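To start, the structure under review is shown below, and the notes come after it.
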Amino acid sequence: MTTLLATLVLVPDRSDEVLTRLRSEVAPWLRRLPGFVTSRWLLAADHDRCTVVVELADAAAVPDLEAALEPGSHDTVRSWWCERLEAVEDLGLAARPSITL
């Protein structure tokens with residue numbers, strides 16, 4: 001399992017518009033990647049950053065994500081850009097125990 005952590009920087013006064021576009025275009029594209037398992041989108045309280053956690057069955061799609069997101073590039077014309085992209089092979093997390101009542 002590979003976990004990909006992406007930090008997206010958003011222009012705060014356009015964040016609602018940007019998030020709508022990311023949900024309609026980027027999220028479906030992620031789901032079509034080979035080995036896609038799940039993703040979580042976490043928005044900062046001040047709407048200037050979004051952390052995306054993507055779980056992949058293998059690392060085959062990581063180069064596609066790097067090419068699409070261009071981590072570290074900053075184009076001032078765009079309303080968002082990828083500040084950081086990090087692939088982690090195994091986070092070593094324990095499964096969440098279930099609670100039986």
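Below, all heavy atoms of this structure are taken into account, side chains as well, without hydrogens, waters or symmetry copies. Every value quoted in this text rests on a predicted model; they were computed, and no experiment measured them.
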Practice task
Please say which of L8, T7, L5 ends up in a side chain to side chain contact (heavy atoms under 4.5 Å, CB included) with V52.
Solution key: L8
At their closest point, which heavy atom of [X] faces which heavy atom of [Y], and how far apart are they?
X   : Y   : answer
F36 : L56 : CA-CD2, 3.8 Å
L85 : A6  : CD1-CB, 3.7 Å
R84 : P71 : C-CB, 4.4 Å

Using a 3.5 Å cut-off and no angle test, enumerate the donor-acceptor pairs between side-chain atoms of residues 20-28 and protein atoms at least two apart in sequence or in another chain.
{"from": "T20", "atom 1": "OG1", "to": "D16", "atom 2": "O", "distance (Å)": "2.9"}
{"from": "R21", "atom 1": "NE", "to": "E25", "atom 2": "OE1", "distance (Å)": "3.2"}
{"from": "R21", "atom 1": "NE", "to": "E25", "atom 2": "OE2", "distance (Å)": "3.3"}
{"from": "S24", "atom 1": "OG", "to": "T20", "atom 2": "O", "distance (Å)": "3.2"}
{"from": "S24", "atom 1": "OG", "to": "R21", "atom 2": "O", "distance (Å)": "3.2"}

Exercise for the section: Go through the structure and list residues passing side chain to side chain donor-acceptor pair (under 3.5 Å) with E55, not counting sequence neighbours. Expected result: none
Exercise for the section: Using side chain to side chain donor-acceptor pair (under 3.5 Å) as the criterion, list what pairs up with S39, not counting sequence neighbours. Expected result: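 Side chain to side chain donor-acceptor pair (under 3.5 Å) list for S39, sorted by chain: W41.
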Completion exercise
Sorted by chain and number, sequence neighbours left out, salt bridge (Lys or Arg N to Asp or Glu O under 4.0 Å) with E66 holds for none
Practice task
Only pairs at least two apart or in different chains count here, so list each salt bridge (Lys or Arg N to Asp or Glu O under 4.0 Å) that has a residue in residues 36-52.
Solution key: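 Sorted pair list: R49-E83.
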Practice task
Apply side-chain contact (heavy atoms from CB on, under 4.5 Å) to the pair V18 and V11, showing each step before the final yes or no.
Solution key: CA-CA 8 Å; V18 170; V11 175; 5.9 Å; no
